[in-house]
Number of protein chains: 2
Amino acid sequence: MIVGMPKTSARLLAMLSLLQARRDWPGALLADRLEISPRTVRRDVDRLRELGYPIATIKGPDGGYRLGAGTELPPLLFDDEQAVALTVALQVAAGSGGGIGDAAGRALNTVRQVMPTRLRHRIDTVRVTSVARPAPEVDGAVLVEVSTAVRRQEVLRFDYGEGVRRAEPHHVVTRYGRWYLVAWDLDKDDWRTFRIDRMTPRTPTGPRFTPRAVPGGDVAAFVTARFQGSDTGWQCRGEVILDKPAARVAEFAGDAIVEALGPDRCRMLVGSWSWPAMAATLGRFEAEIEVVGPPELRDAFAQLAHRFARTAGVIVGR
Amino acid sequence: MIVGMPKTSARLLAMLSLLQARRDWPGALLADRLEISPRTVRRDVDRLRELGYPIATIKGPDGGYRLGAGTELPPLLFDDEQAVALTVALQVAAGSGGGIGDAAGRALNTVRQVMPTRLRHRIDTVRVTSVARPAPEVDGAVLVEVSTAVRRQEVLRFDYGEGVRRAEPHHVVTRYGRWYLVAWDLDKDDWRTFRIDRMTPRTPTGPRFTPRAVPGGDVAAFVTARFQGSDTGWQCRGEVILDKPAARVAEFAGDAIVEALGPDRCRMLVGSWSWPAMAATLGRFEAEIEVVGPPELRDAFAQLAHRFARTAGVIVGR
DNA sequence: CGAGTAGAGGCCACATCCTGGCCACTACCG
DNA sequence: CGGTAGTGGCCAGGATGTGGCCTCTACTCG
C-alpha cells in the first residue's frame, strides 16, 4: 500500500469542488475547510489558475474567490463528505413519503451502485429515521412545472382553491416540510405565498415578465417574516401593554417589537394572521394584558374569554 | 509569480484526461507521454485510485490501465423523478448550512456532471430555497461515527455535557432539523434520546450488544412520544378534543399528536412548558375546546378566561 | 506447461517541494 | 480614511516525490 499521497493534489480537487458548490469563498473559510493556512490557500488558488481554471478574486471586505463559469472541470468524484451528505439528504427525503420520497429512495439506490466500494460501504453505514410533522405531499411534476416557470420567468396560471390565479412566480421555498411559491399575484397586485401542494398549474404558461425585487431582498427572510410576523406581511397588527418586564417578554416574542414602559411593564407590537390567534398567542405570556388597539383585538379577547370559560366550565357575562 | 507548481498535481490531471481519451494505456506509454518513469506512473495510478477513481488494470501482455465506468460513461440511469427528488433533497440539505450543507451542494454538482444533458437541464430547472429554523449543525463525521456504532451494534462512549456516557446506540433520528440518537443509556438503565450535535464520540467503541426492542416497536413514534413526555422536553402534557378536522389542526399543531375522532373533531395530545401556555396555544385553533385532562389544564383555561375577560372588559362569573 | 510480458510494490538516497509564519503592500468598501 | 481581505516575497525545516533496482505475481500465448 502506498503511504504517501499528495495531499496537495487531493486538496486542489477538493478546492475545485468547493468553489463549484458555492459562489463566493472567503480565503479564510477555505483555509478552515481544507485545514490549511491561508497562505497555502493563496498558493493553491495560484496553482489552480496556473492549471487554467478561471478563479476570480474579490478584494476588500466581503472578498473571496469565485470560480468562473463554463469551465471544463476534471471529473470530480464523491468524497466521503459528499457521500454522507447525499445519503442523509436522500434518506430524509425518502422518509417524507409520497412520490418524491419514493423517487428519493430509488435515487439513493442508483447512486449507490456507481459508487466505489469504499463509499458504498460508508453509505450503507448511515441510516437515518426521519420524524416529520405530517405534511401534504407535493407532486414532483407540479414542482417541476412551477420551477420551470420561475426559471423562464413566465406568468403562471393555476387553480388554487376555488378560482384560477395568475401570478409572476419568483421563488420556490420549502419550510418545515411544506412547499410554497413566492409570487407576485397579478390579480391582487401584491406579493403572495402559495402552497404548492394546493396549486394545479395550467398550461400553457403566460407571457414573460420582468422579475421584481422581493421585499427585503431576501426570499428566506421574506417567507419567514410572512409566517412569523413582522410588519412585512401580517394581516393583523395590534398593540398591547403587558405587565411583565420587557426582557422577559422579548425572550419569547418572536419578531414582535417590545418596548419597556417601566421595570415591569412593556408595550408590544405584534403581528398575526388573525385576531383570535394574536390574542391566544399573547395569552402565553402569563401577564395581565391591556389592549391598546385595535378594537378587533379586544373583541378577540372577549371571544376567547367566552370560549375558554366554556372549556373550563365557568360562566362569563357582560 | 509563483514558480513552483506541483508537477504532480498537473500530471494527475493530465493522466486523468489521457485515461479518459483512450481506452487502454500501457504503463510504458503513459510514462513516455508524461515524461516520467514507469515507476512513477504506477505511483500516480495509485494516487488516483486513492482519490477514488476506478482505474482498472490489465496484466500480462497487452496490459495497461483503463479508467473504469462511472467516470467516462454517464451510466447514472436516473429517471426524471429520481433526478428531481435528488435535486430537491440535496438543495434542501444544502440550505441547512455547515459542513453537511456544503457537502450536499458539492454532491449535487458531482452528480450533475455525470448526468445526461436532458436530466441535467431538468435538474437546473429546479431551484429551491429552504427556510429552516436555525438549528445547530451536525458534524458529518460524528454522524458517521454514531451511525457506524449503530450498525455494528457496539456500545458507544461519548462526551455529553459535563460527563461521559455509555449507551447502546439504536437509531439515528432527525426531527425538524435536529439530530438525535435513540439509545439505551447504560448508566441510567433506560432509553434516552441524545442530541447528536452535543455528542463527542470516543474511540474505541465498546463491546457489542444485543439490540433491545424500542418501546412501542416504532422509533419514529417513540421519538415523537418522547417529545411529548416529561423527560425530554415538556413539563406539562395535556389532552383535549377540538371541534375541527384533524387535518386542519395538524397543520398548525407543531409536534403535538393529532388524531381524528370524526370529520370535524379530533383528539390532541399536547406538550408545553406551562399550563397557561398550553391553554393559550390551544386558543389559536379557533375551535371549541374540550379538556380531557388533566384538571390543571382546565384550571388554566379558567384562569385565562378571567384574564382575557379583564383584558376585553367583560365580566366572568362562576 | 513454460516462457515472456507487464504490473505491484518494497526499499533507498537524493533532490525537490510544500508548508506555515511573518510581513509589507494593495485594492476595495463604507 | 480606516478596516478588511487578498498578494506575494522570503525563509527554514521537514514532508514528499522521484528514479532506480529488485522480487513477486498474474496473465497470455505458444
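So you know, we letter chains A, B, ... as the sequences are listed, proteins then strands, and number each from 1. These numbers come from a predicted model, not from an experiment.
Remark: aromatic rings of F194(B) and Y160(B) are close, center separation under 6.0 Å.
You'll find that the side chain of R47(A) is closest to dT19(C), out of dA8(C), dT19(C), dG6(D). When the nucleotides dA8(C), dG9(C), dG20(D) are ranked by their closest atom to the side chain of S37(B), dG20(D) comes out on top. Considering only the side chain of R39(B), dG20(D) comes nearest among dG6(D), dA8(C), dG20(D). When the nucleotides dA8(C), dC22(C), dT18(D) are ranked by their closest atom to the side chain of R11(B), dT18(D) comes out on top.
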Quick tally for nucleotides 25-30 of chain D: nucleotides whose base has a protein heavy atom under 4.0 Å get B, sugar-phosphate-only ones S, the rest -, giving -SBS--

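In this structure, P26(A) reaches the sugar-phosphate backbone alone: every heavy-atom distance under 4.0 Å involves primed, P, OP1 or OP2 atoms, never a base.
Within the 4.5 Å cutoff, the side chain of T200(B) has no heavy atoms near those of the F158(B) side chain. Between M199(B) and V146(B) the shortest side-chain heavy-atom distance falls below 4.5 Å.
In terms of the ring-ring contact (aromatic ring centres under 6.0 Å, His included) criterion, residue partners of H170(A) (sequence neighbours excluded) are, by chain and number, W191(A), F209(A).
With rounding to whole Å, E35(B) atom CD is found 15 Å from dT18(D) atom C1'. The separation between K7(B) atom NZ and dT18(D) atom C1' is 9 Å, rounded to whole Å. Between the CG atom of L12(A) and the C1' atom of dT19(C) there is a distance of 14 Å, rounded to whole Å.
The shortest distance between the side-chain N/O atoms of T8(A) and the OP1/OP2 oxygens of dT16(D) is not below 4.0 Å.
Applying the 3.5 Å distance criterion, the base of dG8(D) shares a donor-acceptor pair with the side chain of R42(A).
No more than 12 heavy atoms of other residues, nucleotides or ligands sit less than 6.0 Å from atom CG of D62(A).
Residue order along DNA chain C, read from the 5' end via each residue's closest nucleotide, puts R49(B) first among R49(B) and V41(A).
Comparing the helix axis at one end of the helix from dC1(C)-dG30(D) to dG30(C)-dC1(D) with that at the other, each defined from 5 consecutive pairs, gives an inter-axis angle of 70° (nearest 10°).
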